[in-house]
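Take a look at the structure below.
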2 protein chains.
Amino acid sequence: MPLISSCEVDTALELITGKWKPSILLALINGDTLRFSELKRSLPNISQKILTAQLRDLEEQDIIIRTVYPEVPPRVDYRLSEYGKTLIPVLETMNAWGIQHAERMRQK
Amino acid sequence: MPLISSCEVDTALELITGKWKPSILLALINGDTLRFSELKRSLPNISQKILTAQLRDLEEQDIIIRTVYPEVPPRVDYRLSEYGKTLIPVLETMNAWGIQHAERMRQK
DNA sequence: CTCTACAGTATCCTTGAGGTAACTATACCA
DNA sequence: TGGTATAGTTACCTCAAGGATACTGTAGAG
C-alpha cells in the first residue's frame with residue numbers, strides 16, 4: 001500500500017525540475033564547492049542570467065549555500081547545504097531508474 | 001561517491017514531470033484500473049484534451065496500458081504496466097522527501 | 001589609459017506546455 | 001424526434017520558463 005500524496009511529490013519535483021536544476025545539483029554533488037565560473041563551465045549552454053536565476057532559486061529553498069567573498073574581481077562559491085544533501089538519495093533513485101529505462105529502450 | 005548522471009536523471013524526470021503526470025500516476029497506483037471518466041473525476045481541473053495527451057504520452061513510454069472495449073458508448077480503461085510499477089519506489093522516495101520538506105517549511 | 005577577470009543586471013524575444021470551447025460518432029431511451 | 005452518455009478531436013489562445021545580447025563595477029597588470 002503505497003499511500004503517496006501527489007502534493008508532496010509535486011513539492012519535491014518543483015525543487016529539482018527545470019531544464020538546468022538537475023545538472024546544477026549533480027555538479028555540486030560531485031564537485032563539492034564550486035565557483036560561479038566553474039558551474040558555468042560545467043553547463044556548456046546555460047546563459048549567465050539563467051544560471052544566476054537557478055542558483056538563487058535553490059538558495060532560497062535552502063538547498064544550496066552561496067558565499068560571497070568581498071574581493072575584486074568578485075568571488076562567489078556555491079555548495080550543497082546539509083539539507084540539500086538529503087536530496088542525494090532522491091536523485092540516486094531517479095538515476096537508477098533512468099539507467100533501467102535507457103537499457104530497456106535500447107532493446108526495442 | 002554518488003556517480004549520478006544528469007542524463008539519466010533527466011530521463012526519469014521527463015516521464016514523471018508535468019502539471020498532471022504525478023497525479024495521474026498516483027491515481028493509477030492507488031486505483032489499479034481506472035476508466036477515462038474516473039481519471040477525469042479524480043483530477044478535477046484537467047481538460048479532456050490534456051488528460052488524453054498525458055495518457056497517450058505515458059502509454060507511448062509503456063508506463064501505462066490502455067484498453068479499448070468496442071462498445072457504445074465507448075469504454076476505455078487505463079492501468080499501470082508492470083514496467084510502470086517500477087516507478088512506484090521512485091515516487092515513494094520523492095513523497096518521503098516532500099513530507100520532510102513540508103515539515104521543515106512549517107517550522108520557519 | 002586601457003584591458004582583463006569575475007559575477008553578475010537589464011532588455012527584449014521565443015517557444016512549448018497547458019488551457020478553452022466547440023465539435024464528433026453511435027447506440028440506447030423516452 | 002430529440003436527449004444522454006463516453007471518449008475523444010480540432011482550432012485557437014495564453015503565459016511563464018528559458019534564451020540572446022549588451023551593459024556594469026572595480027582592482028591590478030601592462
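None of these values were measured; they are calculated from a predicted model. Sequence lines set the chain letters: A, B, ... in the order given, protein chains first and strands last, and positions in each chain run from 1.
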Once you measure the plane-to-plane angle for B:His101 and A:Tyr83, does it fall in the parallel (<30°), tilted (30-60°) or perpendicular (>60°) bin?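 B:His101 and A:Tyr83: parallel rings.
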[X] [atom1] to [N] [atom2], straight-line distance once rounded to whole Å:
| X | N | atom1 | atom2 | result |
| --- | --- | --- | --- | --- |
| B:Asp10 | D:dG18 | CG | P | 12 Å |
| B:Ile50 | D:dA7 | CD1 | C1' | 15 Å |
| A:Asn45 | D:dA17 | CG | C1' | 17 Å |
| B:Ile46 | C:dA17 | CD1 | P | 15 Å |
| B:Lys40 | D:dG8 | NZ | C1' | 12 Å |
| A:Arg41 | C:dA5 | CZ | P | 11 Å |
| B:Asp57 | D:dG8 | CG | P | 14 Å |
| A:Asp77 | C:dC6 | CG | P | 14 Å |

Measure from the side-chain heavy atoms of B:Phe36 and tell me the nearest of D:dT6, D:dG8, C:dA7.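 In terms of side-chain proximity for B:Phe36, the closest of D:dT6, D:dG8, C:dA7 is D:dG8.
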The side chain of A:Lys19 is closest to which nucleotide in this list: D:dG19, D:dA7, C:dG8?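 Closest nucleotide to the A:Lys19 side chain: D:dG19.
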Check the phosphate of [N] against [X], side-chain N and O only, distance under 4.0 Å to OP1 or OP2. Yes or no?
| X | N | answer |
| --- | --- | --- |
| B:Gln48 | C:dA21 | no |
| B:Arg66 | D:dG8 | yes |
| B:Arg56 | D:dT9 | yes |
| A:Ser37 | C:dA7 | yes |
| B:Arg35 | D:dT6 | no |
| A:Trp20 | D:dA17 | no |

A:Pro73 or B:Gly18, whichever maps to the more 5' nucleotide of DNA chain C: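 Upstream on the strand: A:Pro73.
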Are [X] and [Y] ion-paired here, with the side-chain N under 4.0 Å from a carboxylate O?
| X | Y | value |
| --- | --- | --- |
| B:Lys85 | B:Glu82 | yes |
| B:Asp10 | A:Lys19 | no |
| A:Asp57 | A:Lys21 | yes |

Under 4.0 Å, heavy atoms only, any strand: does A:Glu38 hit a base, just the sugar-phosphate, or nothing?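 The residue A:Glu38 makes no contact with any strand.
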When all nucleic acid strands are considered with a 4.0 Å heavy-atom cut-off, which category describes B:Tyr78: base, sugar-phosphate, or nothing?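 It contacts sugar-phosphate atoms only.
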May I ask you to check if B:Arg75 and B:Tyr69 form a cation-pi contact, with NZ or CZ under 6.0 angstrom from the six-membered ring centre and within 45° of the axis?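 B:Arg75 over B:Tyr69 ring: yes.
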N/O donor-acceptor pair, side chain B:Lys49 with base D:dG8, under 3.5 angstrom: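 In this structure, the two groups form no donor-acceptor pair.
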